[in-house]
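Note that the coordinates shown come from a computational prediction; the quantities given were computed from them, not determined experimentally. For the numbers below, each heavy atom of this structure counts, side chains included, while hydrogens, waters and symmetry mates do not.
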Amino acid sequence: MQGRLSAWLVKHAIIHRSLGFDYQGIETLQIKPEDWHSIAVILYVYGYNYLRSQCAYDVAPGGLLASVYHLTRIEYGVNQPEEVCIKVFASRRNPRIPSVFWVWKSVDFQERESYDMLGISYDNHPRLKRILMPESWIGWPLRKDYISPNFYEIQDAH
């Protein structure tokens, strides 16, 4: 089922994939990493002026990584703002997604956390470095195939 935003993107020949609606009725779209920055600018101009949140997750062990953006279209006098969820999937071997920091500044720490926990590199992010883990930390703790550097020390203690 195609939503309002997906229909508008199709009308303007903007490549995407509709993933339907979530449990709250929010339209979910998939965007290719190479198209994400230009589509983010288009969405901002279209009225999605507020980035409510960004997060990331590991789809499956050895599989893709996903960066998820929740956008809101806030307009004066509108009681029910329009929302959309954007998913950008990246290869596990070299997960690179364009940063949308220059479109929505509020994504700054959120993209940094996704980098720190899952290893997704956000191209053109102004300060992409670890935010929760020490700089010396090895690996990406929220990946489903992650093994802690301390795992073997703990095993040897038993």
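- Remark: aromatic rings of Y46 and W8 are close, center separation under 6.0 Å.
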Exercise for the section: Carefully, step by step, assess Q54 and S67 under the rule side chain to side chain donor-acceptor pair (under 3.5 Å). Expected result: CA-CA 7 Å; Q54 183 276 335; S67 189; 2.8 Å; yes
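- Minimum interatomic distance between L29 and S6 (heavy atoms only, all atoms of both residues): CD2-CB, 3.9 Å.
- Dense packing is recorded around OH of Y146, with more than 12 heavy atoms of other residues, nucleotides or ligands lying under 6.0 Å away.
- Aromatic ring centroids of W140 and Y115 lie under 6.0 Å apart.
- More than 12 heavy atoms of other residues, nucleotides or ligands sit less than 6.0 Å from atom CZ of R130.
- Other residues, nucleotides and ligands contribute only 12 or fewer heavy atoms inside 6.0 Å of the NZ atom of K11.
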Exercise for the section: List the steps and the verdict of side chain to side chain donor-acceptor pair (under 3.5 Å) for D108 and H125. Expected result: CA-CA 8 Å; D108 185 6; H125 188 286; 3.2 Å; yes
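- Connection of I97 to I42 is established within a shared hydrophobic cluster, with ILVMFWY side chains joined at heavy-atom distances below 4.5 Å, either directly or through further cluster members.
- The two residues D145 and G62 have their closest heavy-atom pair at OD2-N, 4.0 Å.
- In the hydrophobic clustering of ILVMFWY residues, with side-chain heavy atoms under 4.5 Å counting as a link, W102 and L128 come out together.
- Put simply, the side chain of Y69 reaches to within 4.5 Å of the side chain of V100, judged on heavy atoms.
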